[in-house]
Amino acid sequence: MPCIPASSPSSIQHHHHHHRVLGSVGAGMGCGAEAAVAAATTTGMMCGAHHGEVPAEVARHHEHAEPGSGQCCSAVVQHVAAPAAAVWSVVRQFDQPQAYKRFVRSCALVAGDGGVGTLREVHVVSGLPAASSRERLEILDDESHVLSFRVVGGEHRLKNYLSVTTVHPSPAAPSSATVVVESYVVDVPAGNTIEDTRVFIDTIVKCNLQSLAKTAEKLAATS
């Protein structure tokens with residue numbers, strides 16, 4: 001999950017203060033605050049600059065409908081020096097996002113057995129402008145290496161958040177390297193701009209995928 005800012009009177013009413021909170025989260029965890037990619041703005045277009053980095057059958061999963069008024073979408077690409085199987089073995093664990101998502105403190109399944117429709121309750125580390133997120137598994141495709149989840153509740157301000165992550169062998173080194181793409185579409189919280197929201201979430205996703213790369217590379221090296 002992204003680290004989602006908890007709703008509070010001060011964060012909703014004071015936009016400039018809230019923007020400073022969003023901008024400081026990635027930096028506080030040692031991650032750059034710049035956006036990884038720009039959002040798509042046309043119907044059916046890929047969200048983010050990953051054209052040519054993923055095969056067509058994978059890229060289609062990142063084709064979100066044109067965001068309506070008050071929404072934004074984006075995508076982050078991560079190259080990993082490990083086989084796709086090793087990377088996917090980490091990504092597919094819907095019940096253990098903390099295996100690579102550094103902002104997650106704990107996760108528990110509240111319904112389901114890990115298949116599509118499973119609900120998880122995620123709690124983030126202390127000191128962040130968020131508390132918890134309830135998320136439903138929408139896609140778990142072990143053949144195509146696609147995982148998608150939707151945020152359906154929790155203490156945060158991002159509504160209608162949908163994430164899609166795909167994993168596939170790198171064209172440059174199919175047996176030893178992997179390309180991971182994570183895209184999302186979300187409502188822009190009241191008091192924030194589209195750019196505020198995109199930069200904040202891109203930063204969190206980028207941090208998560210960098211951590212995924214390190215985790216998968218260590219796993220591949222010891223297997």
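Quick caveat, the model's predicted, so the values are computed rather than measured. Heavy atoms only: backbone and side chains are in, while hydrogens, waters and symmetry mates are out.
For the pair Gln71/Val188, no side-chain contact is recorded, criterion being any heavy-atom separation below 4.5 Å from C-beta on. Two residues are said to be in side-chain contact when any heavy atoms from C-beta on lie closer than 4.5 Å; Val91 and Leu212 meet this criterion.
In this structure, Arg198 forms no cation-pi arrangement with Tyr184, as its terminal cationic atom is not both closer than 6.0 Å to the ring centre and no more than 45° off the ring axis. No cation-pi contact links Arg150 to Tyr161, judged by a cut-off of 6.0 Å to the six-membered ring centre and 45° from its axis.
Hydrophobic clustering, with ILVMFWY side chains joined whenever heavy atoms are under 4.5 angstrom apart, keeps Phe94 apart from Val164. Placement of Val110 and Val122 in two distinct hydrophobic clusters is found when ILVMFWY residues are connected by side-chain heavy-atom separations under 4.5 Å, directly or transitively. The hydrophobic cluster containing Phe149 also contains Leu140, counting ILVMFWY residues as joined when their side-chain heavy atoms lie under 4.5 angstrom apart, directly or transitively. In the hydrophobic clustering of ILVMFWY residues, with side-chain heavy atoms under 4.5 Å counting as a link, Leu119 and Leu137 come out apart. Under the 4.5 Å side-chain heavy-atom criterion for grouping Ile, Leu, Val, Met, Phe, Trp and Tyr, Leu209 is connected to Val80 within one hydrophobic cluster.
Scanning for side-chain hydrogen bond (donor to acceptor under 3.5 Å, both in side chains) contacts around Asp142 gives Trp88, Arg92, with sequence neighbours left out.
The nearest pair of heavy atoms linking Thr118 to Gly114 is OG1-N, 2.8 Å. The shortest heavy-atom contact between Ser89 and Leu219 is OG-CD2, 3.4 Å. Across all non-hydrogen atoms, the minimal contact from Pro174 to Pro169 is O-CB, 3.3 Å. Nearest heavy-atom pair, Thr178 versus Ala84, reported as atom, atom and distance to 0.1 Å: OG1-N, 2.9 Å. Minimum heavy-atom separation, Val87 to Ala82: CG2-O, 4.2 Å. Contact detail for Arg120 and Leu109: the closest heavy-atom pair is CB-CD2, 3.9 Å.
A distance of 11.5 Å separates CD1 in Ile194 from OG in Ser74, rounded to the nearest 0.5 Å. Here His61 contributes atom NE2 and Asp141 contributes atom CG; the two are 6.5 Å apart, rounded to the nearest 0.5 Å. Distance check, rounded to the nearest 0.5 Å: OG of Ser211 to CZ of Phe103 gives 9.5 Å. Rounding to the nearest 0.5 angstrom, the gap separating the CZ atom in Arg102 from the SG atom in Cys207 is 5.5 Å. Here the OG-NE2 distance, from Ser170 to His79, works out to 6.5 Å after rounding to the nearest 0.5 Å.
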Checklist entry - Checking side-chain contact (heavy atoms from CB on, under 4.5 Å) for the pair Gln78/Gln210: CA distance, chi angles, key distance, verdict? => result CA-CA 7 Å; Gln78 178 67 49; Gln210 288 173 346; 3.6 Å; yes
Next on the checklist: Under the criterion side-chain contact (heavy atoms from CB on, under 4.5 Å), I'd like the reasoning laid out for Glu217 against Thr215: C-alpha separation, chi angles, the key distance, then a yes or no.
Outcome noted: CA-CA 6 Å; Glu217 286 165 5; Thr215 300; over 6 Å; no
Next on the checklist: Does His145 form a side-chain contact (heavy atoms from CB on, under 4.5 Å) with Thr166? I'd like the steps, not just the answer.
Outcome noted: CA-CA 6 Å; His145 293 173; Thr166 59; over 6 Å; no
Next on the checklist: Could you walk me through whether Ser132 and Glu121 satisfy the side-chain contact (heavy atoms from CB on, under 4.5 Å) test, starting with their C-alpha distance in whole Å, then the side-chain angles of each, then the deciding distance to 0.1 Å, before giving a yes or no?
Outcome noted: CA-CA 7 Å; Ser132 66; Glu121 189 80 20; 3.7 Å; yes
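Judged purely by distance below 3.5 Å, without hydrogens or angles, the side chains of Thr197 and Asn192 never pair a donor atom with an acceptor atom. Side chains of Ser163 and Glu182: a donor-acceptor N/O pair is present below 3.5 angstrom, by distance only. Using modelled atom types and a 3.5 Å distance limit, the side chains of Thr193 and Glu195 yield no donor-acceptor pair.
Not one N or O on the side chain of Ser144 forms a donor-acceptor pair closer than 3.5 Å with the backbone of Val146. The backbone N or O of Ser148 lies less than 3.5 Å from no partner atom in the side chain of Glu138, so there is not a single donor-acceptor pair. One N or O on the side chain of Thr203 and one on the backbone of Val199 form a donor-acceptor pair closer than 3.5 Å. Not one N or O on the side chain of Asn208 forms a donor-acceptor pair closer than 3.5 Å with the backbone of Val205.
When each of Leu162, Ile201, Val151, Asn160 is checked for a side-chain contact (heavy atoms from CB on, under 4.5 Å) with Val186, only Ile201 meets the rule.
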